[in-house]
Number of protein chains: 2
Amino acid sequence: MTVPPGQCCAPIAREPLAEDTAAELAVLLKAVADPVRLRLLSMIASHAGGEACVCDLTGAFDLTAPTISHHLKVLRTAGLIDGERRGTWVYYRVVPEAVNRLGALFTPLASRVGTLHDEAAPSPVLR
Amino acid sequence: MTVPPGQCCAPIAREPLAEDTAAELAVLLKAVADPVRLRLLSMIASHAGGEACVCDLTGAFDLTAPTISHHLKVLRTAGLIDGERRGTWVYYRVVPEAVNRLGALFTPLASRVGTLHDEAAPSPVLR
DNA sequence: CTATAATTTCGACAGGCTTCTAATCAGAAG
DNA sequence: CTTCTGATTAGAAGCCTGTCGAAATTATAG
């Protein structure tokens with residue numbers, strides 16, 4: 001009972017990732033591989049209405065506002081969240097497609113919801 | 001914190017991650033947030049028999065053996081892979097529970113789009 | 001129009017990560 | 001027993017990232 005059947009479905013277990021694909025996914029993973037950014041993403045995703053103001057996020061951390069803004073920019077550059085300015089405040093919301101792509105990477109089963117392999121994303125990979 | 005009932009979302013979207021939980025998950029995510037380690041994990045997971053020898057992995061990279069060994073140790077320390085020495089060679093295999101935990105983090109993110117919400121079988125990931 | 005508040009950008013420093021070479025350990029073959 | 005191959009460990013150089021403080025930008029309020 002080491003490996004249950006059905007493991008062959010996850011993209012990561014189906015075939016070796018290409019070099020450029022791995023690099024592209026690593027950028028996405030690096031964005032969430034940080035405690036602060038992971039909490040930020042979770043706070044935004046779990047916020048009522050799917051939107052969260054920056055003023056609501058800064059209070060939960062012992063970090064300065066510029067640091068929070070920096071982490072938000074990393075998440076936004078990776079395409080995981082999207083920001084919108086409404087008056088004085090800026091509201092962020094998650095991008096479901098990007099988050100789902102992460103989940104589908106490691107999830108052996110499921111992945112029955114649409115195709116998340118190819119996307120119309122311009123992929124502005126900053127190097 | 002108005003979570004719609006019955007809409008059991010991903011852990012990341014259900015409620016804000018705790019500080020220690022986020023730090024713990026970040027360690028796991030950092031392990032895969034690297035192109036080399038992501039490819040290594042994929043090569044091990046997609047290898048026939050679920051096992052891969054180190055000698056098979058080093059050839060796919062332009063890196064030295066110690067570097068590959070270092071990345072494998074990071075993956076092993078994170079609990080994503082498990083190594084076993086059989087004679088001269090060392091074989092690595094993935095730990096499904098750890099990989100599934102990563103996938104479950106982001107996967108069940110419910111999107112507002114009512115396209116094909118046929119996820120009646122969430123297949124709970126237990127640890 | 002001016003003032004205030006919030007957010008972002010800029011510059012800088014400490015710390016961690018990736019990679020290398022050299023050395024060490026484990027097992028097999030002669 | 002000696003030697004050889006394969007894998008890991010130790011130590012160090014170089015680069016990138018996280019963090020902070022100060023300045024600049026933007027929008028609303030009066």
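Order of the sequence lines fixes the chain letters, A, B, ..., with proteins taken first and strands second; residue numbering starts at 1 for each chain. No hydrogens, no waters, no symmetry mates; every other heavy atom, side chains included, goes into these values.
Taking CG of L28(B) as the reference point, atom CG of L80(B) lies at 5.0 Å (rounded to 0.5 Å).
Judged by the 6.0 Å and 45° rule, R86(B) forms a cation-pi pair with Y91(B). A cation-pi arrangement is found for R39(B) relative to F61(B), the charged atom lying closer than 6.0 Å to the ring centre and inside a 45° cone about the ring normal.
If you measure from atom CD of E84(B) to atom P of dG6(D), you get 20 Å, rounded to the nearest angstrom. F61(A) places its CZ atom 14 Å from the C1' atom of dT19(D), with the value rounded to the nearest Å. dG6(D) atom P lies 22 Å from atom NZ of K73(B), rounded to whole Å. When the P atom of dC17(C) is taken as reference, atom CG of D34(A) falls 11 Å away, rounded to whole Å. Atoms CG (L29(A)) and P (dC17(C)) sit 16 Å apart, rounded to a whole Å. Atom CD1 of I68(A) and atom C1' of dG18(D) are 12 Å apart (whole Å). Atom CZ in R86(A) sits roughly 19 Å away from atom P in dA6(C) (whole-Å rounding). For the pair L72(A) CG and dT19(D) P, the computed distance is 12 Å after rounding to whole Å.
Backbone-only engagement by Y92(B) is indicated by non-hydrogen atom pairs under 4.0 Å involving sugar-phosphate atoms exclusively. Among the atoms of the strands shown, only primed sugar atoms or phosphate atoms (P, OP1, OP2) are found under 4.0 Å from some heavy atom of R37(B). The residue R76(A) sits apart from the nucleic acid: no heavy atom pair falls under 4.0 Å.
Distances were taken from every side-chain heavy atom of T64(A) (C-beta onward) to each of dG21(D), dT21(C), dA7(D); the shortest belongs to dG21(D). Comparing dT8(D), dT19(D), dT8(C) against the side chain of V36(A) picks out dT19(D) as the nearest. Side-chain atoms of L63(A) lie closest to dC20(D) of the nucleotides dC20(C), dT8(D), dC20(D). If you check dT21(C), dT18(C), dT7(C) against the side chain of C53(A), the one that comes closest is dT7(C). Across dT8(D), dT21(C), dA7(D), the shortest atom-to-atom separation from the side chain of W89(B) is found for dA7(D). Ranking dT8(D), dT19(D), dA7(D) by closeness to the A65(B) side chain, first place goes to dT8(D).
Distances shown here put a side-chain N or O of T67(A) below 4.0 Å from the OP1 or OP2 atom of dC20(D). A sub-4.0 Å separation between OP1 or OP2 of dT5(D) and a side-chain N or O of T88(B) is absent. A close approach under 4.0 Å does not occur between any side-chain nitrogen or oxygen of H70(A) and OP1 or OP2 of dT9(C). Within the 4.0 Å cut-off from OP1 or OP2 of dA6(C), not a single side-chain nitrogen or oxygen of R85(A) is found. Residue S69(A) places none of its side-chain N or O atoms closer than 4.0 Å to OP1 or OP2 of dT7(C). Between K30(A) and dT17(D) there is no side-chain polar atom (N or O) within less than 4.0 angstrom of OP1 or OP2. The side chain of H71(B) contributes an N or O atom lying less than 4.0 Å from OP1 or OP2 of dT19(C).
The minimum heavy-atom distance linking V32(B) with L29(A) is given by the pair O-CD1, 3.2 Å.
Looking only at side-chain heavy atoms (C-beta outward), L72(A) and I81(A) come within less than 4.5 Å of each other.
L102(B) and V36(B) fall within the same hydrophobic cluster, defined by Ile, Leu, Val, Met, Phe, Trp and Tyr side-chain heavy atoms under 4.5 Å apart, directly or through other members.
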